[in-house]
Amino acid sequence: MSKSIIDYLKEVPDPRGAQGSRDDLWQILLIIIMGIMSGHTTYRELERFVERHRRTLIKLLALKQGTAPSYSTLRRMMIDVDYAALNNAFNSWMQEQPMAGGAAIAGDGKSLRNTVSNADNNKQNFISMVSLFSQQQGVVVATAIMENKKESEICVIQQLLSQLNLENHVFTMDALHCQKKTVEAIVESNNDYIIKVKKNQPKLQEAIRVQTEKETPIQVKVEDDSSKGRKVQRLVEVFVPPVNIDSRWKNVQSVIRVTRSGERDGKPYSTLSYYFSSLPPKSERIAKVIRGHWQVENRLHWVKDVIFDEDKSPQRAGNAPINLSIIKTWVLSVFRLHGFESIKGAIDQFSHKIPAMWSLLI
């Protein structure tokens, strides 16, 4: 029998002592999850959610002493819970969920604005949540938490890749992750990659530029798009890789040139980007996967900022900003795994319907 979210929440250590713990930590975390599933993101809103459903929650969760957690308890748990343990619980749960075969998975980091310190000088520090995001399912496959001054997103992504038990997927990364060790980790895990190339790898970029200027593309794809006042044409040209490419770039099968041109606010523009990939140059997936990489912005980061108010979140104390961000990621993934593309639509449908939310969580 597969484990439920409750089983994974029970693995998170309770930061409280044995005395004074009326309710189990997993019960409090589950209540917060249901509150956020109902669209509530502040402590006062979560408190009102508990008050509204007090009797139902006491009965459903068999809360001790016939009481439900107070405002101070909700706040204290978000501040004190070990975010690494909560994040591990999410990752462990997600590893047991069905994955779309051959999904494209985008890697990207998002800073938590309410963790920024020394914002006006070069000592600025903040916490980021680094996510691996499935383009097909719109879910976060795995996350890691990093502190800007102590860790590199490059190393964090490499560590996440080493922990995943996934094969035959395509990982997409921006130019920050154009690193030999990252490419090697993807290849050794029996997955493919498409990675953007910029001036941080000047020899590789120059080799691709020369190759795409002198050779005939194996595949050409033209895409047109009109949205938000913009008209865009994407010309995706796929080539065989240059023969002089450094052999430490593992399993390079294709190099790609993408020209984006059109109008933005009535003004013409044109950009040129380069990529390299372990997919063969005749693969039909290349153009689709490159375009789909930015879903991590539109379907994850935008949702957390606009629907879940993450950028405006007032919680700053202790571990609260990180714990709440993990829970919001969890809620998004629960809804998407149950077929809801629109997170706002899912909230509208399930808000304050305790039995319906419970059915998604057990």
Side-chain angles (χ1 to χ4, degrees), residues 83-95 97 99 102-112 115 125-135 139-205 208 241 245-256 274-279 289-290 292-297 300-301 322 325-326 329 333:
Y83 65 78
L86 183 62
N87 195 68
N88 287 339
F90 168 77
N91 284 346
S92 297
W93 171 78
M94 195 63 220
Q95 287 290 289
Q97 306 310 308
M99 280 290 298
I105 299 174
D108 198 26
K110 179 184 183 296
S111 61
L112 302 181
T115 66
N125 194 22
F126 54 85
I127 302 296
S128 287
M129 175 174 281
V130 181
S131 300
L132 295 175
F133 180 80
S134 169
Q135 293 183 21
V139 300
V140 176
V141 176
T143 67
I145 309 302
M146 60 164 280
E147 186 174 346
N148 180 55
K149 285 292 186 180
K150 294 183 178 180
E151 296 176 276
S152 160
E153 186 179 314
I154 295 168
C155 295
V156 170
I157 284 281
Q158 291 170 358
Q159 184 177 4
L160 272 180
L161 290 169
S162 70
Q163 296 170 352
L164 291 177
N165 184 25
L166 295 174
E167 294 186 349
N168 302 316
H169 297 281
V170 182
F171 285 90
T172 65
M173 310 277 180
D174 62 24
L176 174 67
H177 300 287
C178 186
Q179 306 289 333
K180 295 181 179 70
K181 287 185 178 180
T182 303
V183 169
E184 184 176 6
I186 294 171
V187 171
E188 289 185 350
S189 62
N190 294 318
N191 291 288
D192 287 296
Y193 61 84
I194 298 179
I195 300 178
K196 196 169 188 176
V197 182
K198 284 187 174 181
K199 292 181 180 179
N200 61 324
Q201 297 291 348
K203 291 182 180 179
L204 179 61
Q205 185 191 46
I208 295 174
I245 198 167
D246 190 330
S247 61
R248 290 176 295 175
W249 295 109
K250 299 295 184 182
N251 199 31
V252 182
Q253 301 292 317
S254 303
V255 296
I256 304 107
Y274 298 109
Y275 301 80
F276 71 138
S277 176
S278 59
L279 293 174
V289 170
I290 288 175
H293 174 79
W294 297 109
Q295 291 186 40
V296 70
E297 295 289 343
L300 175 61
H301 299 166
I322 308 169
S325 184
I326 294 168
T329 298
S333 295

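Checked against ring-ring contact (aromatic ring centres under 6.0 Å, His included), Phe276 has the following partners two or more places apart in sequence or in another chain: Tyr193, Trp249.
Side-chain N or O atoms of Glu153 include none that pairs as donor or acceptor with a backbone N or O of Val130 at under 3.5 Å.
Nearest heavy-atom pair across Gln179 and Ile154 is NE2-CD1, 3.6 Å. Nearest approach of Met129 to Ile145, heavy atoms of both residues: CE-CD1, 3.7 Å.
To the nearest 0.5 Å, the span separating CZ on Phe171 from CG on Leu132 amounts to 6.0 Å. Interatomic distance, Ser333 OG to Phe90 CZ, rounded to the nearest 0.5 Å: 4.0 Å. If you take CD1 on Ile127 and CG on Leu112, they are separated by 7.5 Å, rounding to the nearest 0.5 Å. The NE2 atom of His169 lies 5.0 Å from the CD1 atom of Ile105; values are rounded to the nearest 0.5 Å. Rounding to the nearest 0.5 Å places CG of Asp192 at 9.0 Å from CD1 of Ile186. Going from atom CG of Asp108 over to atom CH2 of Trp294 covers 7.0 Å, rounded to the nearest 0.5 Å.
Residues Leu204 and Asp246 are not in side-chain contact: their nearest non-hydrogen atoms beyond the backbone lie 4.5 Å or more apart.
In summary, the side chains of Ser278 and Gln253 do not present any donor paired with an acceptor at a separation below 3.5 Å, with no hydrogens or angles considered.
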